[in-house]
Amino acid sequence: MKEIRINDFVEYAIERSDYPLDKVREILKGEKIAVLGYGVQGRGQSLNMRDNGLDVVIGLRPSSAAWKTAMEDGYVPGKTLFPLEEAAEQGTVIQYLLSDAGQKAFWPTLKNYLTAGKALYFSHGFSIVFADQTGVVPPPDVDVILVAPKGSGTTVRRHFLEGRGINSSFAIHQDATGRARERCLALGIAIGSGYLFETTFQKEVVSDLTGERGVLMGAIYGLWLAQYEVLREHGHSPSEAFNETVEEATQSLYPLIAEKGMDWMYANCSTTAQRGALDWFKRFRDAVKPTFEKLYQSVASGEEARITLEANSRPDYRTQLEKELAEIAESEMWKAGAQVRSLRPERS
């Protein structure tokens, strides 16, 4: 366990060295881990656990496209691949990795399989924190735990295959067996976490929804689009506008930030870039901070949960999603991006 001290704030990180695989396997000996859902998290986490020698079964709707994907990944119908109900009945640990709307819809069925001593595992606090909207209230005699990777399931799997680990948070909502924390941390390492830091279901979901809508996805794209449009409106070519807005950020500067931090990246840019960044970052902070505060309040109040559940429960959800994503893909900015990416030199 590593102490992390920032000013007067102290927290502790659980590292892989605290839970070597032999220890993980001993803790989870005799457990059958039923992963319900095979989206990006379900797929990445289950494959990592299987590769780490755990007893993993997948639960899906047999008519779903994910069923075929799971079979292609080596899961066998009737042996390691089952309908949702059968997998839930078998599992002593149930990893509930359906979409948030899917968790709400399946909950009346799943709760019938949550017998005493089982563990109910989440990778997002949504269903528990917004139980007034989802109806997800676990029985008191099961462990309720969370491991939330700080990245997509694709990254979880990729880092695992590269021998690296992804950062994850963990939380214990309910400890019915006295083993909830031990189970949680063992599972956290088994899915491919490099280290884990403790949180609560409430804090995880509020920070996660704020981050997704903010700098991780919503805000960053909004900023990119605004700069791209200004450059184009002032006569810059699509290629130049994209390179100065997205390509240089993702291919040059962001890796430097990831490697050493923002101060180091600033120190390793030209003096002109340094001066401009130092003069302008506070203006951008002041301009967008009120929007972030509104976003945070919308998340904390449950309004974003309401919007998400309502939109994702509509019969035409998938059609509408594909339409919105197509609009982005067909925009000039991302057509320029496709061309720029095609010109990247291949790694030797």
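Quick note: residue numbers are just sequence positions, from 1.
Heavy atoms only, all atoms of each residue included: L295 and G214 are closest at CD2-N, 4.0 Å. Residue L84 comes nearest to G59 through the heavy atom pair CD2-O, 3.2 Å, listed as atom of the first residue, atom of the second, then distance.
A heavy-atom distance below 4.5 Å is found between the side chains of V144 and F122. Proximity of R181 to D175: side-chain heavy atoms (C-beta onward) are nowhere separated by under 4.5 Å. The closest side-chain heavy-atom distance from L146 to S169 is below 4.5 Å. Side-chain atoms of E26 and D22, non-hydrogen and from C-beta on, never get closer than 4.5 Å to each other. Contact of the Y228 side chain with the V246 side chain is not registered, since no non-hydrogen atoms from C-beta on lie closer than 4.5 Å. With contacts defined as side-chain heavy-atom distances shorter than 4.5 Å, the pair E182/D143 does not qualify. Residues F197 and E11 have side chains in contact (heavy-atom distance under 4.5 Å, counting atoms from C-beta outward). Within the 4.5 Å cutoff, side-chain heavy atoms of V136 are placed close to those of I128.
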Check against side chain to side chain donor-acceptor pair (under 3.5 Å), T155 and S152: CA-CA 5 Å; T155 309; S152 76; 3.3 Å; yes

Derivation and outcome, salt bridge (Lys or Arg N to Asp or Glu O under 4.0 Å), residues E310 and R306: CA-CA 6 Å; E310 182 179 295; R306 183 194 66 76; 3.1 Å; yes

Criterion side-chain contact (heavy atoms from CB on, under 4.5 Å) on W67 and R61, from CA distance to verdict: CA-CA 7 Å; W67 184 276; R61 295 177 180 86; over 6 Å; no

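Qualifying ring-ring contact (aromatic ring centres under 6.0 Å, His included) partners for H173, counting only residues two or more places apart in sequence or in other chains: F201. The side chain to side chain contact (heavy atoms under 4.5 Å, CB included) check on L223 picks up nothing, with sequence neighbours excluded. Partners of R5 by side chain to side chain donor-acceptor pair (under 3.5 Å), not counting sequence neighbours, listed by chain and number: E3. Residues that satisfy the ring-ring contact (aromatic ring centres under 6.0 Å, His included) test with Y75, not counting sequence neighbours, are Y38. For Q339, the side chain to side chain contact (heavy atoms under 4.5 Å, CB included) partners are S342, not counting sequence neighbours. Judged as a salt bridge (charged side-chain N to carboxylate O under 4.0 Å, His left out), and not counting sequence neighbours, D18 has no contacts. Partners of F130 by ring-ring contact (aromatic ring centres under 6.0 Å, His included), not counting sequence neighbours, listed by chain and number: F126. Every side chain to side chain contact (heavy atoms under 4.5 Å, CB included) that P139 has, sequence neighbours left out, goes to L114, D141, V142.
For residues 275-284, the salt bridge (charged side-chain N to carboxylate O under 4.0 Å, His left out) pairs, not counting sequence neighbours, are R275-D279. Contacts classified as side-chain hydrogen bond (donor to acceptor under 3.5 Å, both in side chains) and involving residues 293-302 (residues at least two apart or in different chains) are given here: E293-Q297, S298-E304. Among residues at least two apart or in separate chains, side-chain hydrogen bond (donor to acceptor under 3.5 Å, both in side chains) pairs with a member in residues 101-118 are Q103-S127. Residue pairs meeting the side-chain hydrogen bond (donor to acceptor under 3.5 Å, both in side chains) criterion with at least one member in residues 245-262, sequence neighbours excluded: Q227-T245, E247-R344.
If you take CG on L209 and CG on D100, they are separated by 7.5 Å, rounding to the nearest 0.5 Å. Taking CG of N312 as the start and CD1 of I307 as the end, the distance is 11.0 Å to the nearest 0.5 Å. Taking CD of Q174 as the reference point, atom CD1 of I172 lies at 11.0 Å (rounded to 0.5 Å).
Taking the six-membered ring where tryptophan is involved, the planes of W334 and Y221 are tilted, since the angle between them lies from 30° to 60°.
Ion pairing between a basic and an acidic side chain is recognised when a charged N comes within 4.0 Å of a carboxylate O; D316 and K323 show no such pairing.
With a 6.0 Å radius and a threshold of 12 heavy atoms from other residues, nucleotides or ligands, K2 has its NZ atom at or below the threshold. By the neighbour-count criterion of 12 heavy atoms within 6.0 Å, atom CZ of R232 is densely surrounded, having more than that number from other residues, nucleotides or ligands.
Side-chain contact, S168 with S193: a donor N or O sits under 3.5 Å from an acceptor N or O.
The residue from L28, I27, L196 that alone fulfils the side-chain contact (heavy atoms from CB on, under 4.5 Å) condition with L187 is L28.
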